[in-house]
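Have a look at the structure below before the remarks.
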Amino acid sequence: MATRYITTTIPYVNADPHIGFALEIIQADALARAWRLRGDEVFFNTGTDEHGQKIYEAAVKAGQGVQEYVDYYANEVKKLREALDLSNDAFIRTTETYHIEAAQEMWRKCDAAGDIYKKQFEGLYCVGCEAYKTIREIENGHCSLHPSLELQTIAEENYFFKFSKYQDRLLEYLSRPDVIVPEWRRAEAIEFVKSGLEDFSISREKKRLSWGIPVPEDNDQVMYVWFDALTDYISTLGWPADPKGTFKKFWEEGHVVQMAGKDQVRFQSLMWQAMLMSAQVKNTDQVFYHGFIISDGQRMSKSLGNVISPYEMVEKYGTDATRYLLLRHAHPFQDSDITWEKLDEWYNAGLANGLGNLVSRVMKMAEEHLEGPPASLSEEISEATFFSSLSDYQFDTVCEVVWLYINGCDQKIQMSQPFRLVKEDKEKGKRVIEELVIQIYTIANMLNPLMPTTSKIIKDAVKANKKPENLFARKE
């Protein structure tokens, strides 16, 4: 039995939740559920990032007070728990008092280490990234990640963090082969460090941006949103006071996994790790970076009309089907092209015609020909590939493993034709049906982390020896 901590990134609350974050949080939930199935003790964290210039400007544009604005969108993110059937243990908001106090303590610890200083600075600032951009991050005069936004030239006096001081220690940290998944993101991080680290600004003048956590001992400055937000990974565990011992148990003594999008490498595996080194806190054990979800070859945007909302997916397909569609058909590491047409096709093939049809056929035969459920039902998942693929973040492969079992059952029905066999040789036919029911139960066990409600429905149907209601109606 292991002790594990897993956290998603925390999305900005300047818009409705998007499908990319839904993918990340479903992946994290599947891992948390699978680890718990194995008997591991798991703490699963998510939440919202509620400070910074983007949020302040969005609230002003909406004609709302900033706190009112962030309260609304934080609640929209929080509703994902029910919509996607999540099992998170904590939901942190960076406007909560305990987090603000933790972020200020992180500042004090980095300052005590001699890693914070103040200077005049002028640079090109991307509001989309909430960050100053270096020359290597600019393409054709724009931020490479937000080419539609104009970079702002800002000159002000800020506090800086001595990022450059940690170049060698970061390279040592990144030398561990398992510290970043996939491997090429680790190579990307190493290359970034080797090309030279520049100290980064960790504050903003309060007269320009008032919506942020106050810098300790300086009422004229607020914290840079990333310095504030990254601390959520440990403040949610009770750091620094740790009154319940949760931080010690899950961060210091547990295995720490962070989930993030592929554009987060600089922030999660470099800046955050340097901050932890400065504060003398254990570094993250592993960060998994997933790809983006695009549509018809383009990034999703409201102006293009190709945005897919996780809430719309749930409304159309249901919670478990939404989880399945993203886990099986979004590539773990590469970008994935998803459209409503593809979703319909995948839903019908894998669920309506696949899993749903199989369960219906088998349990109908069981209800008609068996006196009760088989005696040899097991709760164990013995398929080694299932857990090994999950450990490697191969969520699509995990689904393929389950669907190989489904296909195997379909082939068994086709070859043995138990619906006919039971009429010709009743006992032999019943044995085949019983074998199929046992396999259905095995499939339900493996579905537990992926589609928890469907798993329970199938297992309950087997135990009751009853055909369940149609699990997945076809989409025309």
Side-chain angles (χ1 to χ4, degrees), residues 6 8 17 19 21-38 42 44 46 78-89 91 309-330 343-344 346-364 366 373 377-381 383 386 390 395-396 398-403 405-406 409 437 439-475:
I6 185 167
T8 67
I19 193 175
F21 181 66
L23 169 66
E24 182 177 308
I25 204 167
I26 290 169
Q27 290 174 334
D29 185 71
L31 280 168
R33 288 176 181 274
W35 289 334
R36 292 187 191 115
L37 273 181
R38 288 198 306 190
V42 180
F44 171 21
T46 189
K78 205 167 188 176
K79 287 193 296 189
L80 286 174
R81 179 180 173 88
E82 181 178 354
L84 300 175
D85 195 6
L86 305 174
S87 62
N88 53 295
D89 300 284
F91 185 96
S309 159
Y311 294 123
E312 290 175 341
M313 281 189 68
V314 170
E315 184 178 355
K316 182 171 185 179
Y317 302 111
T319 294
D320 272 19
T322 297
R323 291 172 64 101
Y324 160 80
L325 289 166
L326 292 178
L327 288 169
R328 189 178 188 188
H329 294 288
L343 289 170
D344 283 350
W346 296 332
Y347 172 93
N348 285 332
L351 296 178
N353 298 340
L355 175 62
N357 185 51
L358 174 66
V359 171
S360 179
R361 293 173 72 192
V362 171
M363 291 314 301
K364 183 180 180 182
L377 296 176
S378 172
E379 302 297 328
E380 297 296 318
I381 299 175
E383 176 56 63
F386 182 87
L390 266 177
F395 302 99
D396 53 348
V398 172
C399 292
E400 292 298 332
V401 169
V402 180
W403 260 257
Y405 275 73
I406 293 170
C409 286
V437 172
Q439 287 179 290
I440 288 290
Y441 202 83
T442 299
I443 289 165
N445 284 334
M446 290 191 287
L447 286 174
N448 184 299
L450 314 174
M451 304 170 69
T453 299
T454 302
S455 170
K456 185 177 186 306
I457 290 171
I458 296 171
K459 292 176 78 168
D460 287 348
V462 169
K463 290 174 182 176
N465 200 42
K466 295 284 186 182
K467 175 184 172 294
E469 293 294 321
N470 189 14
L471 292 175
F472 304 101
R474 278 188 58 84
K475 302 298 177 187

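Remember, predicted model here, so these are calculated numbers, not experimental data.
Looking only at side-chain heavy atoms (C-beta outward), Thr46 and Phe21 come within less than 4.5 Å of each other. Counting heavy atoms from C-beta on, the side chains of Val402 and Phe386 come closer than 4.5 Å. Leu327 places none of its side-chain heavy atoms less than 4.5 Å from the side chain of Val398. Proximity of Leu343 to His329: side-chain heavy atoms (C-beta onward) are nowhere separated by under 4.5 Å. Contact annotation: the side chain of Pro468 approaches that of Val359 to within less than 4.5 Å [non-hydrogen atoms, C-beta and beyond]. Here the side chains of Leu355 and Trp403 are in contact, with some heavy-atom distance below 4.5 Å. Within the 4.5 Å cutoff, the side chain of Met363 has no heavy atoms near those of the Lys466 side chain.
With sequence neighbours left out, the side-chain hydrogen bond (donor to acceptor under 3.5 Å, both in side chains) criterion links Gln439 to no other residue. Taking the salt bridge (charged side-chain N to carboxylate O under 4.0 Å, His left out) definition, one finds that Lys467 meets it with nothing, sequence neighbours left out. Looking at residues two or more places apart in sequence or on another chain, you find a side chain to side chain contact (heavy atoms under 4.5 Å, CB included) between Arg81 and Leu86, Asn88. Partners of Asp29 under the salt bridge (charged side-chain N to carboxylate O under 4.0 Å, His left out) rule, at least two apart in sequence or in another chain, are Arg33, Arg323. Residues forming a salt bridge (charged side-chain N to carboxylate O under 4.0 Å, His left out) with Lys475 (at least two apart in sequence, or on another chain): none. Every residue meeting the side chain to side chain contact (heavy atoms under 4.5 Å, CB included) condition with Glu400, not counting sequence neighbours, appears here in chain and number order: Arg328. Remark: Ala444 engages Ser455, Ile458, Lys459 in a side chain to side chain contact (heavy atoms under 4.5 Å, CB included) (not counting sequence neighbours). Checked against side-chain hydrogen bond (donor to acceptor under 3.5 Å, both in side chains), Asp344 has the following partners two or more places apart in sequence or in another chain: Lys316, Tyr317. Residues satisfying the salt bridge (charged side-chain N to carboxylate O under 4.0 Å, His left out) test with Arg36, not counting sequence neighbours, are Asp89. Qualifying side chain to side chain contact (heavy atoms under 4.5 Å, CB included) partners for Leu37, counting only residues two or more places apart in sequence or in other chains: Ile381, Asn448, Pro449. Among residues two or more places apart in sequence or in another chain, the side-chain hydrogen bond (donor to acceptor under 3.5 Å, both in side chains) test is passed with Asn465 by none.
Under the 3.5 Å distance criterion, the side-chain polar atoms of Asn445 are matched with a main-chain donor or acceptor of Ser378. No donor-acceptor distance shorter than 3.5 angstrom exists from the side chain of Tyr347 to the backbone of Thr322, with no hydrogens or angles considered.
Rounded to the nearest 0.5 angstrom, Ile25 CD1 and Leu84 CG are separated by 7.0 Å. Separating the CG atom in Leu447 from the CD1 atom in Ile457 is a distance of 11.0 Å, to the nearest 0.5 Å. Distance check, rounded to the nearest 0.5 Å: OG of Ser360 to CG of Leu471 gives 8.0 Å. Here OG1 of Thr453 is found 9.0 Å from NZ of Lys456. Values are rounded to the nearest 0.5 Å.
Of the residues listed (Leu326, Leu450, Ile26, Leu31), the one engaging Phe395 in a side chain to side chain contact (heavy atoms under 4.5 Å, CB included) is Leu31, and it is the only one.
Around the CD atom of Glu315, the shell of radius 6.0 Å holds no more than 12 heavy atoms that belong to other residues, nucleotides or ligands.
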**Report entry** Audit row: Ile406, Ile443, side-chain contact (heavy atoms from CB on, under 4.5 Å) steps and yes/no
**Finding:** CA-CA 7 Å; Ile406 293 170; Ile443 289 165; 3.8 Å; yes
Report task. With side-chain contact (heavy atoms from CB on, under 4.5 Å) as the test, would you mind laying out the steps for Phe472 and Asn357 before giving the verdict? Result -> CA-CA 8 Å; Phe472 304 101; Asn357 185 51; over 6 Å; no
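Remark: the Asp320 side chain and the Thr454 side chain contain an N/O donor-acceptor pair separated by less than 3.5 Å.
Counting all heavy atoms, side chain and backbone alike, Leu80 lies closest to Tyr311 at N-OH, 3.2 Å.
Pairs engaging residues 346-357 under the salt bridge (charged side-chain N to carboxylate O under 4.0 Å, His left out) rule: none recorded [sequence neighbours left out].
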